[in-house]
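Chain letters run A, B, ... following the sequence lines, proteins first and then strands; every chain starts at 1. Below, all heavy atoms of this structure are taken into account, side chains as well, without hydrogens, waters or symmetry copies.
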2 protein chains.
Amino acid sequence: MLAVSQLTDHTGFWLRMVSNAVSQEFARKVAGQGVTVAEWAFMRTLFHQDPMSPSALASLMGMTKGAISKLADRLLAKGLIIRTETPEDRRAHRLSLTAEGKAKVPVLAALADDNDNAYFGTLAKEDHDMLRRILKALAENRGLKVMPVD
Amino acid sequence: MLAVSQLTDHTGFWLRMVSNAVSQEFARKVAGQGVTVAEWAFMRTLFHQDPMSPSALASLMGMTKGAISKLADRLLAKGLIIRTETPEDRRAHRLSLTAEGKAKVPVLAALADDNDNAYFGTLAKEDHDMLRRILKALAENRGLKVMPVD
DNA sequence: GTCCTATGGTTGACTAGGAAACTATCTGGT
DNA sequence: ACCAGATAGTTTCCTAGTCAACCATAGGAC
C-alpha cells in the first residue's frame, strides 16, 4: 500500500516537537551558567545524595558508565565536583559536589523552574493538570523510570 | 535560597521522559529496516517533494547543511537516493529517491503508525484528543514549525 | 567586462554519547 | 591460599551532529 500518513497525524510528532523546544530552551539557559544539561542532571542527582559512586550515577541517569566517566572529568575540570578513592574498595570512587558545585545547584534549579513555567504556565490550570496526568499515566504504563537526560 | 524543586514537579520532565521513550522505540524499529530516524525523516521529506535541493531539506528538517550533506552521503551509499547536478545552476544539486528508496517509504511509514499506536492507542479517546489538542496549542503558541528529528 | 558579494555545497575540527575492550580489584568456591 | 568469575572505572573507537572555513558559481553594480 502506498498511502503514507502525514507526519502531523502522529501524536508522537507533536510530543517530540514540544519536548525538543522545551529542552533546547533549557539548554540555552543553563549554558549561560556554563554547564550543559547532562552536567546539570549530574549535579542535581549528586545534590540529593552526596557522595555517590559513578555507577550509581550511571544507573540513575540512564547513561553508560563510560559517559559518566567523561562527564565527571569535565565537571572535575570545572571545579564543580571532586573525585576521591574509597579505602574499603580500591576499585570504587566517590563523587561529591564542591562548595562551588553545591552553590550552583539552586541557581540552576531556579532556571529549570523558570523554563517549565515559561512553557506550561501559559496553559489553563485544568489543561496543565490534564497534560501532567496523561503523561504520567503513559510513563507509568511503560514502566519508565530513568531520568531523561538527552 | 536552598529549596531545590523535585525533578518530577516539572511537566517538562514527564514530557521528555515519554518523548524519549517513544523516539527510542521508533529508532529501534526503523533500525530493523537498516535506517536511522534522521534517514527516515530525510526520505519521507523527499517522498513528498522529489527532487529537492540539500538546502531545502536542511531548512525543512531543521538541520545544518553540513549535516544534510553527510546524511545524503550515507543514503547514497545505501542506494536509497541519488544526487544529480543541475544544468541551470552549476552549484546546486538535486536529491531524489531511487526506486528502492521510494519503495521503502511506505514500509517505514507503517512502522511510524505502529509506533504511535503502540504508545497512544492505549489512551482513552478523549484523553488522546486532549493530549493532541494541548500539545498542538503549545507548539502553535511558540510558533514551532520545524520537524523534530533528533 | 570586472569585481564584490551572496549562495550552494563540502570538509575539517570539535562535541557528546554508546559499545566493547581493557585494567584493577574484590569475592566466593574449592 | 588460590583461581575464576564478577564488579568498578577508564579508555578507545565509532557515530552523528554543529560550527566555521572553504571552494565554486551566480548575479548585480558600476
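- The CE atom of B:Met52 sits 14 Å away from the P atom of C:dG8 (whole-angstrom rounding).
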Could you run down nucleotides 16-21 of chain C 5' to 3' and tag each one B, S or - for protein heavy-atom contact under 4.0 Å?
SSBS--
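- Every residue two or more places apart in sequence or in another chain that forms a side chain to side chain donor-acceptor pair (under 3.5 Å) with B:Arg83 is listed here: B:Asp73.
- Within the structure, the side-chain hydrogen bond (donor to acceptor under 3.5 Å, both in side chains) test picks out the following pairs touching residues 40-54 of chain A (sequence neighbours left out): A:Asp50-A:Ser96, A:Ser53-A:Ser55.
- For residues 115-126 of chain B, every residue pair satisfying the salt bridge (Lys or Arg N to Asp or Glu O under 4.0 Å) rule, not counting sequence neighbours, is listed here: B:Lys125-B:Asp129.
- By the side chain to side chain donor-acceptor pair (under 3.5 Å) test, B:Arg132 is found to be paired with A:Thr11, residues two or more places apart in sequence or in another chain being considered.
- When rounded to the nearest whole Å, the span between CG of A:Leu57 and P of D:dT10 equals 11 Å.
- Applying the salt bridge (Lys or Arg N to Asp or Glu O under 4.0 Å) test to pairs two or more places apart or on separate chains, those with a residue in residues 4-28 of chain B are B:Glu25-B:Arg28, B:Glu25-B:Lys29.
- The CD atom of A:Gln24 sits 12 Å away from the C1' atom of D:dG17 (whole-angstrom rounding).
- Between B:Asp89 atom CG and D:dC23 atom C1' there is a gap of 14 Å when expressed in whole angstrom units.
- Rounded to an integer number of Å, the gap from CZ of A:Arg28 to C1' of D:dT18 is 15 Å.
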Atom pairs under 3.5 Å, N or O on each side, protein against nucleotides 4-6 of chain D: can you list them with distances?
none

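- Regarding A:Arg83, its CZ atom lies at a distance of 16 Å from the P atom of D:dA8, rounded to whole Å.
- B:Asp127 is linked by a side chain to side chain donor-acceptor pair (under 3.5 Å) to A:Arg133, counting only residues two or more places apart in sequence or in another chain.
- The CG-P distance, from B:Leu95 to C:dG9, rounds to 8 Å in whole Å.
- For B:His93, the side chain to side chain donor-acceptor pair (under 3.5 Å) criterion is met by no residue, not counting sequence neighbours.
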